[in-house]
Amino acid sequence: MPAPGEVPHVWALRVSSYADALPNSLVLLDAAERERHKAFVRAADRASYAAAHVALRRLLGAYTDADPAALEFTRETCPVCAGAHGRPALAGGAGPHFSLSHSADMVLIAVAGTPVGADVERIPEGRFVDDVARSLHPRERDELAALPAQERLAAFARCWTRKEAYLKGTGEGLAGDPARDYVGSGAAPATLPGWSLADWTVDEGYAAAVAVADSV
């Protein structure tokens with residue numbers, strides 16, 4: 001597995017590529033995951049959730065030389081409210097740091113030797129961008145407002161995946177303030193103290209980013 005300071009290992013997969021194998025893979029999920037899986041109304045959402053969590057279990061099982069179905073997960077303490085809904089982790093502190101994200105037909109998983117966050121998003125529609133952009137850092141809002149409409153959607157997706165990856169890495173998630181830290185919407189992400197933030201190339205129509213802490 002990657003050691004602290006090494007580049008994180010990152011996997012991207014298409015849910016539709018594994019559709020035929022998913023029904024037989026649900027046995028790897030624990031009771032809570034199966035309940036969450038059943039709760040999705042849309043079949044596409046069920047497939048996305050299942051593919052993401054089955055893939056995560058198989059990867060972590062390989063890293064820890066453990067039965068994927070026997071892995072137990074927990075949540076670290078949230079740095080915002082001290083609740084038990086921070087970064088996901090393997091119970092008992094075993095294994096690497098990891099982060100999971102899925103959107104529509106795409107799954108992204110990052111594994112690292114230090115805290116890590118990963119996010120993938122399908123490039124959204126204009127109305128969604130207009131609504132959510134109000135929550136961004138003031139400089140990011142100004143950058144997006146200055147762009148032609150045909151460029152704004154991809155720029156927003158770059159900015160949002162960077163921001164989510166970083167907030168997932170810190171353990172705050174969306175409990176953190178999206179307006180607090182500047183990650184940028186341009187071709188390269190901004191520098192964040194103590195973190196390495198990078199865009200990740202995935203299939204057309206999606207944006208993705210990975211943030212990894214410089215130290216544990």
Side-chain angles (χ1 to χ4, degrees), residues 1-2 8-122 161 164-176 202 206 208-213 216:
M1 66 182 69
H9 297 177
V10 182
W11 287 264
L13 63 91
R14 280 279 194 179
V15 175
S16 54
S17 299
Y18 295 87
D20 292 343
L22 280 179
N24 294 329
S25 300
L26 296 180
V27 295
L28 297 180
L29 304 181
D30 64 22
E33 289 169 326
R34 289 195 293 272
E35 285 300 314
R36 179 75 185 277
H37 172 258
K38 289 192 298 184
F40 287 104
V41 175
R42 297 176 63 246
D45 294 333
R46 290 195 298 273
S48 179
Y49 179 89
H53 287 261
V54 165
L56 178 65
R57 282 182 169 274
R58 285 178 168 159
L59 278 173
L60 294 179
Y63 275 112
T64 59
D65 195 25
D67 177 1
L71 295 174
E72 296 182 14
F73 294 91
T74 186
R75 287 277 184 172
E76 297 178 353
T77 301
C78 171
V80 176
C81 67
H85 53 81
R87 283 188 300 264
L90 287 172
H97 296 272
F98 62 90
S99 184
L100 168 67
S101 179
H102 55 97
S103 176
D105 197 38
M106 184 67 65
V107 173
L108 190 73
I109 299 171
V111 177
T114 55
V116 64
D119 191 59
V120 63
E121 302 286 346
R122 185 162 56 181
T161 54
E164 277 224 50
Y166 172 63
L167 291 174
K168 289 169 73 173
T170 64
E172 298 169 79
L174 292 182
V202 288
Y206 293 83
V210 175
V212 61
V216 178

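Values reported hereafter were calculated over all heavy atoms of this structure, with side chains retained and with hydrogens, waters and symmetry mates removed. Start at 1 with the first residue, then count along the sequence.
No donor-acceptor pair closer than 3.5 Å links the side chain of T74 to the backbone N or O of L90. With hydrogens and angles disregarded, no donor-acceptor distance shorter than 3.5 Å links the side chain of K168 to the backbone of G86. In this structure, R87 contributes its side chain and G169 its backbone to a donor-acceptor pair below 3.5 Å. With S99 contributing its side chain and A118 its backbone, the two residues share a donor-acceptor pair below 3.5 Å. When atom types are taken as modelled, the side chain of R75 and the backbone of A84 share no donor-acceptor pair closer than 3.5 angstrom.
Contact between A209 and A165 at its shortest, heavy atoms only, is O-CB, 3.5 Å. T114 and A213 get closest at one heavy-atom pair: OG1-O, 2.6 Å. Counting all heavy atoms, side chain and backbone alike, V107 lies closest to S48 at CG2-O, 4.3 Å. Considering every non-hydrogen atom in both A104 and V15, the closest pair reads O-CG2, 3.9 Å. The heavy-atom pair separating P68 from G61 by the smallest distance is CG-CA, 4.5 Å. Nearest heavy-atom pair, Y206 versus S103, reported as atom, atom and distance to 0.1 Å: CE2-O, 3.3 Å.
Using a 4.5 Å cut-off on side-chain heavy atoms (C-beta onward), L167 and E164 make no contact. You'll find the side chain of P8 reaches within 4.5 Å of the side chain of V210, heavy atoms only. Residues V111 and V10 fail the side-chain proximity criterion, which asks for heavy atoms closer than 4.5 Å. Annotation: side chain of R57 is in contact with side chain of E33 (closest heavy-atom distance under 4.5 Å).
The distance from the CG atom of L59 to the CD1 atom of I109 is 5.0 Å, given to the nearest 0.5 Å. Here E172 contributes atom CD and L174 contributes atom CG; the two are 10.5 Å apart, rounded to the nearest 0.5 Å. To the nearest 0.5 angstrom, W11 atom CH2 is 10.5 Å from L56 atom CG. In this structure, CG in L108 is found 8.0 Å from CG in D119, a value given to the nearest 0.5 Å. Taken to the nearest 0.5 Å, the CG atom of L71 stands 11.5 Å off from the CG atom of L29. The structure places CG of L28 at 13.0 Å from NE2 of H53, a figure rounded to the nearest 0.5 Å.
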Evaluate the side-chain contact (heavy atoms from CB on, under 4.5 Å) criterion for residues M106 and E121: first the C-alpha distance (whole Å), next the side-chain angles of each, then the deciding distance (0.1 Å), finally the verdict.
CA-CA 8 Å; M106 184 67 65; E121 302 286 346; over 6 Å; no
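In this structure, H37 and Y49 have tilted ring planes: the angle between them lies in the 30° to 60° band. The aromatic rings of F98 and F73 sit perpendicular to each other, their planes meeting at more than 60°, with 30° as the lower class boundary.
Under a cut-off of 6.0 angstrom, the local environment of CG in D67 is crowded, with over 12 non-hydrogen atoms contributed by other residues, nucleotides or ligands. Counting non-hydrogen atoms of other residues, nucleotides and ligands closer than 6.0 Å to CZ of R36 gives a total of 12 or fewer.
Classification of K38 and E35 as a salt-bridged pair holds, one side-chain N sitting under 4.0 Å from a carboxylate O. Taking a cutoff of 4.0 Å between a charged side-chain nitrogen and a carboxylate oxygen, R122 and D105 do not qualify as a salt bridge.
Between the side chains of S25 and R58, at least one donor N or O lies within less than 3.5 Å of an accepting N or O.
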